Amino acid sequence: AQRHRSGRYILSAQLIWLSCPEIASVAKPGQFAMVNCGQECVLLRPLSIHQVEKDRIALHFNVWEDGKGIEWLARRQIGDGVGILDKPLGNGYWIPPESHKLLVMAGGIGIASLRFLVDEAITRGLAVTLLCGTPTKHRYHPERLPLDKIKLVTVTEDGSIGTKGF
């Protein structure tokens with residue numbers, strides 16, 4: 001577990017794929033899905049749509065030490081049902097049609113909503129540079145990025161990987 005600057009612990013970072021053709025067919029980068037996270041949670045949780053692949057969506061999220069609903073979601077296995085609102089919410093991101101390059105900046109879990117944007121930019125033939133900041137190398141997950149198709153610039157607060165900075 002990694003201690004966050006808030007004093008709380010992040011137990012893990014999770015990536016979950018859900019079969020949601022009704023969302024996948026209309027989702028735009030920057031939108032989010034409203035997810036039911038078990039009986040202990042009265043309200044649905046908003047989670048950024050990380051990727052879309054055919055009729056599936058991926059959600060990328062942190063599991064916090066006291067995050068009951070998200071912890072429940074992280075324990076789901078293949079074949080388990082997960083309740084989800086049948087349409088994405090939010091305005092999403094927009095890339096002007098005349099664009100040739102895209103500069104994207106993300107810090108920590110902020111990368112969750114930007115992977116979908118990066119994928120769309122690559123599909124449109126744009127040159128993509130991603131500036132990615134994280135406190136330490138332990139909270140850095142480059143394997144979840146299309147590294148062969150983008151320029152990645154990494155900054156960590158402690159300098160354990162990439163450039164040291166804040």
Side-chain angles (χ1 to χ4, degrees), residues 1-24 27-93 104-120 130-147 150 152-162 165-166:
Q2 296 290 315
R3 188 177 200 76
H4 187 265
R5 69 176 61 107
S6 68
R8 297 167 58 204
Y9 282 95
I10 298 173
L11 303 178
S12 64
Q14 299 289 319
L15 181 69
I16 185 171
W17 283 93
L18 301 172
S19 176
C20 298
E22 63 281 358
I23 294 176
K28 294 175 180 55
Q31 290 187 307
F32 56 95
M34 295 299 291
V35 182
N36 180 327
C37 291
Q39 294 179 350
E40 292 184 22
C41 296
V42 176
L43 300 175
L44 301 177
R45 299 287 194 258
L47 296 174
S48 296
I49 299 173
H50 183 65
Q51 285 177 272
V52 171
E53 190 177 275
K54 297 181 183 175
D55 66 347
R56 304 182 318 150
I57 63 169
L59 306 175
H60 181 234
F61 53 92
N62 282 337
V63 179
W64 294 82
E65 66 179 327
D66 54 357
K68 293 178 188 171
I70 296 298
E71 189 175 326
W72 176 91
L73 183 62
R75 290 192 313 263
R76 298 306 91 200
Q77 300 292 316
I78 293 174
D80 288 349
V82 174
I84 190 165
L85 192 64
D86 66 353
K87 64 181 110 268
L89 297 179
N91 292 324
Y93 304 124
V104 181
M105 295 173 51
I109 197 62
I111 193 71
S113 68
L114 296 176
R115 169 64 196 263
F116 190 7
L117 178 66
V118 166
D119 289 344
E120 180 177 301
L130 173 61
L131 306 178
C132 184
T134 186
T136 70
K137 66 181 178 184
H138 302 292
R139 300 237 311 268
Y140 178 64
H141 302 285
E143 70 278 1
R144 295 185 178 146
L145 298 170
L147 297 175
I150 65 171
L152 178 63
V153 178
T154 304
V155 177
T156 52
E157 292 175 17
D158 65 0
S160 57
I161 191 169
F166 181 74

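Here the structure is a predicted model, which is why all the values come from computation and not from measurement. Numbers here simply count residues along the sequence, with the first being 1.
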Inset, instruction - Run the numbers on Ile57 and Phe116 for side chain to side chain contact (heavy atoms under 4.5 Å, CB included), then give the verdict. - result: CA-CA 10 Å; Ile57 63 169; Phe116 190 7; over 6 Å; no
Inset, instruction - Please assess Leu18 against Ile23 for the test side chain to side chain contact (heavy atoms under 4.5 Å, CB included), listing each intermediate value before the final yes or no. - result: CA-CA 10 Å; Leu18 301 172; Ile23 294 176; over 6 Å; no
Could you list the donor-acceptor pairs under 3.5 angstrom formed between side-chain atoms of residues 82-91 and any protein atom two or more places apart in sequence or on another chain?
none

Inset, instruction - Compare all side-chain heavy atoms of Leu145 with those of Ile111 and state whether any distance is below 4.5 angstrom. - result: yes
Legend entry - Close side-chain approach of Val52 to Asp119, heavy-atom, < 4.5 Å: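 They are not in contact (no side-chain heavy atoms under 4.5 Å apart), so the answer is no.
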Inset, instruction - Locate the shortest heavy-atom distance separating Val118 from Ile150; write the atom from each residue and the value. - result: CG1-CG2, 3.8 Å
Legend entry - Residue pair Trp72 / Gly38: nearest heavy atoms and the distance that separates them: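 Nearest pair, atom of Trp72 first, then Gly38: CE3-N, 3.5 Å.
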What's the separation between atom [atom1] in [X] and atom [atom2] in [Y], rounded to the nearest 0.5 Å?
{"X": "Gln77", "Y": "Ile16", "atom1": "CD", "atom2": "CD1", "result": "9.0 Å"}
{"X": "Leu59", "Y": "Leu15", "atom1": "CG", "atom2": "CG", "result": "8.0 Å"}
{"X": "Glu71", "Y": "Gln14", "atom1": "CD", "atom2": "CD", "result": "10.0 Å"}
{"X": "Leu47", "Y": "Cys37", "atom1": "CG", "atom2": "SG", "result": "6.0 Å"}
{"X": "Ile161", "Y": "Thr134", "atom1": "CD1", "atom2": "OG1", "result": "9.5 Å"}

Inset, instruction - Determine, step by step, whether Leu44 and Val35 satisfy the side chain to side chain contact (heavy atoms under 4.5 Å, CB included) criterion, reporting the C-alpha distance in whole Å, the side-chain angles of both residues, the deciding distance to 0.1 Å, and the verdict. - result: CA-CA 5 Å; Leu44 301 177; Val35 182; over 6 Å; no
Legend entry - Where at least one partner belongs to residues 45-56, residue pairs that pass side-chain hydrogen bond (donor to acceptor under 3.5 Å, both in side chains), sequence neighbours excluded: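 For residues 45-56, and leaving out neighbouring residues, the side-chain hydrogen bond (donor to acceptor under 3.5 Å, both in side chains) pairs sorted by first residue read Glu53-Arg56.
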Inset, instruction - Taking side-chain hydrogen bond (donor to acceptor under 3.5 Å, both in side chains) as the test, write out the residues that go with Ser19, two or more places apart. - result: none
